[in-house]
Amino acid sequence: MTSSRLSGRVAYVLGGGSDGPARAGETLAIGNGRAIALRLSAEGATVIVGDKVLERAAATVEHLSGPGLAVQVDAADPASCRHAVAAAAAHAGRLDIVVCNVGISGREPLKVQTLEDWGLADDVNVRSHWITAQAALPGMLDAGSGAFVFVGSTAGILSSRRSLSYEATKAAQLAVMRHIAVRYAERGVRSNAVVLGNIDSALVRREFGADGSAARARVVPMGREGTPEEAASAVAFLASDDAGYITGQSLIVDGGVSAAWPIPPR
Ligand SMILES: NC(=O)c1ccc[n+]([C@@H]2O[C@H](COP(=O)([O-])OP(=O)(O)OC[C@H]3O[C@@H](n4cnc5c(N)ncnc54)[C@H](O)[C@@H]3O)[C@@H](O)[C@H]2O)c1
């Protein structure tokens with residue numbers, strides 16, 4: 001169910017395309033970024049979609065419920081991040097909501113962690129987020145309002161043993177989120193994160209295969225993976241006035257994983 005609670009707002013989604021296979025029986029691949037853009041639009045926002053691959057951003061914009069714009073942006077390039085924010089703000093006159101969704105997963109535990117993997121994970125998962133926020137902030141401060149939502153991962157609060165760079169950058173991302181929240185709370189700017197667990201996204205199907213879905217679901221107390229649409233509904237809540245007194249928080253969307261004491265599956 002959606003509403004018009006974001007009517008008149010302007011949102012920018014960094015990483016709002018989708019990269020990976022669609023769900024069975026569907027043609028449009030749905031990842032978290034695309035689902036977020038579609039949801040913000042369905043709730044009335046004008047949505048500017050940034051992606052490294054312009055066609056992916058354009059495919060999202062094609063499916064929006066209202067106005068939008070696709071912009072090319074490489075999150076690994078600070079100048080490109082700043083340029084995309086400027087283009088987004090120029091398109092609609094301002095930015096009320098900025099969602100930093102882009103994120104890449106490393107695969108290297110400490111023993112084999114490389115500088116290259118570490119550097120790229122930091123550039124994309126953390127640096128692009130604070131640079132994007134920094135570029136969008138002055139307009140929000142002038143307006144006396146604005147909402148940032150960062151798309152985080154349970155890897156930022158729990159170790160999956162898999163990737164040092166992913167876990168460390170996802171933890172740092174939450175620090176960026178909190179810093180913005182506390183530093184600018186008095187000036188009407190809110191900053192929060194969704195911390196996602198196992199989501200049946202195009203990213204997961206691409207990197208881990210659709211076949212592992214049942215196995216991934218077994219570790220979740222709710223017994224299933226979440227959907228990108230469920231991730232998007234949490235983002236839309238945090239971006240909206242319904243979350244007007246919420247800032248500096250991590251909303252965990254993981255079907256109960258982080259609340260559970262690990263026991264062997266029955
Ligand atoms: N799916 C899950 O289970 C899960 C769990 C926890 C957290 N997350 C988080 O969700 C976010 C991504 O989810 P998604 O489903 O949208 O992923 P995705 O891989 O589909 O990526 C979304 C878009 O980001 C774009 N992108 C990649 N690198 C980029 C770059 N350098 N610059 C600009 N755009 C770039 C891709 O082209 C793609 O269209 C990440 O922050 C990830 O850590 C996902």
Side-chain angles (χ1 to χ4, degrees), residues 12-23 28-39 49-61 70-81 83-85 99-106 119-129 131-132 149-158 160 162-163 165-174 176-177 193-208 210 212-213 216-217 219-220 224-232 234-235 250-255 257-258:
Y12 169 56
V13 181
L14 172 62
S18 187
D19 178 17
R23 290 177 290 219
L28 186 69
I30 300 289
N32 298 320
R34 179 165 285 160
I36 291 163
L38 297 180
R39 175 69 186 238
V49 179
D51 204 284
K52 186 173 67 173
V53 182
L54 186 60
E55 292 72 28
R56 291 180 190 153
T60 302
V61 169
V71 297
Q72 199 276 334
V73 56
D74 181 359
D77 175 359
S80 177
C81 291
H83 183 262
V85 170
V99 180
C100 290
N101 169 71
V102 71
I104 52 170
S105 54
L120 185 62
D122 182 52
D123 292 352
V124 174
N125 295 355
V126 189
R127 192 179 67 183
S128 78
H129 289 198
I131 286 180
T132 295
V149 184
F150 296 87
V151 178
S153 167
T154 43
I157 55 171
L158 298 166
S160 67
R162 193 176 289 124
S163 166
S165 66
Y166 188 62
E167 292 169 16
T169 55
K170 284 300 188 180
Q173 179 202 29
L174 297 180
V176 170
M177 175 278 290
V194 292
V195 171
L196 306 180
N198 290 337
I199 305 294
D200 177 23
S201 64
L203 176 155
V204 165
R205 286 190 294 280
R206 177 185 83 233
E207 296 208 1
F208 302 105
S213 183
R216 289 191 292 271
V219 302
V220 182
R224 65 174 180 84
E225 292 181 290
T227 65
E229 289 83 355
E230 287 170 323
V235 170
S250 299
L251 177 54
I252 300 178
V253 182
D254 71 349
V257 169
S258 59

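Start at 1 and go down the list; that is how both ligands and their atoms are numbered. Side chains are part of it too, since the values below use all heavy atoms of this structure and drop only hydrogens, waters and symmetry mates. Start at 1 with the first residue, then count along the sequence.
The residue from Asn125, Val13, Asp74, Ile30 that puts a heavy atom closest to atom 31 (N) of ligand 1 is Asp74. Across Val102, Leu14, Asp19, heavy-atom proximity to atom 20 (O) of ligand 1 is greatest for Asp19. With Ile104, Asn32, Ile199 as candidates, the residue nearest to atom 44 (C) of ligand 1 on a non-hydrogen basis is Asn32. One option in Lys52, Gln72, Gln173 has a heavy atom closer to atom 28 (N) of ligand 1 than any other, and that option is Lys52. Relative to atom 37 (O) of ligand 1, the option among Asp51, Val194, Ile36 with the closest non-hydrogen atom is Asp51.
Between Val235 and Asn101, the closest side-chain pair of non-hydrogen atoms is not below 4.5 Å. Between Met177 and His129 there is no side-chain heavy-atom pair separated by less than 4.5 Å. Taking the side chain as every heavy atom from C-beta outward, Ser153 and Leu196 never approach each other to under 4.5 Å.
Here the heavy atom of the protein found nearest to atom 17 (O) of ligand 1 is Leu203 CD1, 3.3 Å. Atom 32 (N) of ligand 1 has Ala75 N, 2.8 Å as its closest protein atom, hydrogens excluded (heavy atom only). Of the protein's non-hydrogen atoms, Gly152 O, 3.3 Å is the one closest to atom 7 (C) of ligand 1. In terms of protein heavy-atom proximity, atom 6 (C) of ligand 1 is closest to Leu196 O, 3.3 Å. With respect to atom 5 (C) of ligand 1, the closest heavy atom belonging to the protein is Gly197 O, 3.0 Å. In terms of protein heavy atoms, atom 9 (C) of ligand 1 is closest to Val151 CG1, 3.9 Å. Among protein heavy atoms, the minimum distance from atom 43 (O) of ligand 1 is reached at Tyr166 OH, 2.5 Å. Protein heavy atom closest to atom 40 (C) of ligand 1, with residue, atom name and distance, is Asn101 O, 3.2 Å.
A distance-only check finds a donor-acceptor pair linking the side chain of Gln173 to the backbone of Val151 [under 3.5 Å]. Here the side chain of Glu229 pairs no donor or acceptor atom with the backbone of Ala35 at under 3.5 angstrom.
Against a heavy-atom cut-off of under 4.0 Å, Arg206 is close to the following atoms of ligand 1: 19 (O). Using a 4.0 Å cut-off to heavy atoms of Val73, the atoms of ligand 1 that qualify are 32 (N), 33 (C). For ligand 1, the atoms lying closer than 4.0 Å to a non-hydrogen atom of Gly15 are 22 (C), 23 (C), 24 (O). Close approach to Ser201 involves these atoms of ligand 1, each under 4.0 Å from a residue heavy atom: 1 (N), 2 (C), 15 (O). Atoms of ligand 1 lying under 4.0 Å from at least one heavy atom of Val204, given by number and element, are 1 (N), 2 (C), 3 (O).
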Kindly indicate, with the supporting measurements, whether the criterion salt bridge (Lys or Arg N to Asp or Glu O under 4.0 Å) is fulfilled by Arg23 and Glu225.
CA-CA 13 Å; Arg23 290 177 290 219; Glu225 292 181 290; over 6 Å; no
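For atom 14 (P) of ligand 1, a protein heavy-atom neighbour is present inside the 4.0 Å cut-off.
Using 4.0 Å as the threshold, Lys170 has a heavy atom nearer than that to some atom of ligand 1. At least one heavy atom of Ser18 sits under 4.0 Å from some atom of ligand 1. Ligand 1 does not have Glu225 within reach: every non-hydrogen atom of the residue lies 4.0 Å or more from it.
From Ile104, atom CD1 reaches atom CG of Leu120 across 3.5 Å, with rounding to the nearest 0.5 Å. Between the CZ atom in Phe150 and the SG atom in Cys100 there is a gap of 4.5 Å [rounded to 0.5 Å]. If you take OG1 on Thr132 and CZ on Arg127, they are separated by 11.0 Å, rounding to the nearest 0.5 Å.
In terms of the side-chain hydrogen bond (donor to acceptor under 3.5 Å, both in side chains) criterion, residue partners of Asn125 (sequence neighbours excluded) are, by chain and number, Thr169. With sequence neighbours left out, the salt bridge (Lys or Arg N to Asp or Glu O under 4.0 Å) criterion links Asp74 to no other residue.
Listed here is the closest heavy atom pair of Ala70 and Val61: N-CG2, 3.7 Å. Taking every heavy atom of both residues into account, Leu203 and Gly103 meet most closely at CD1-O, 4.2 Å.
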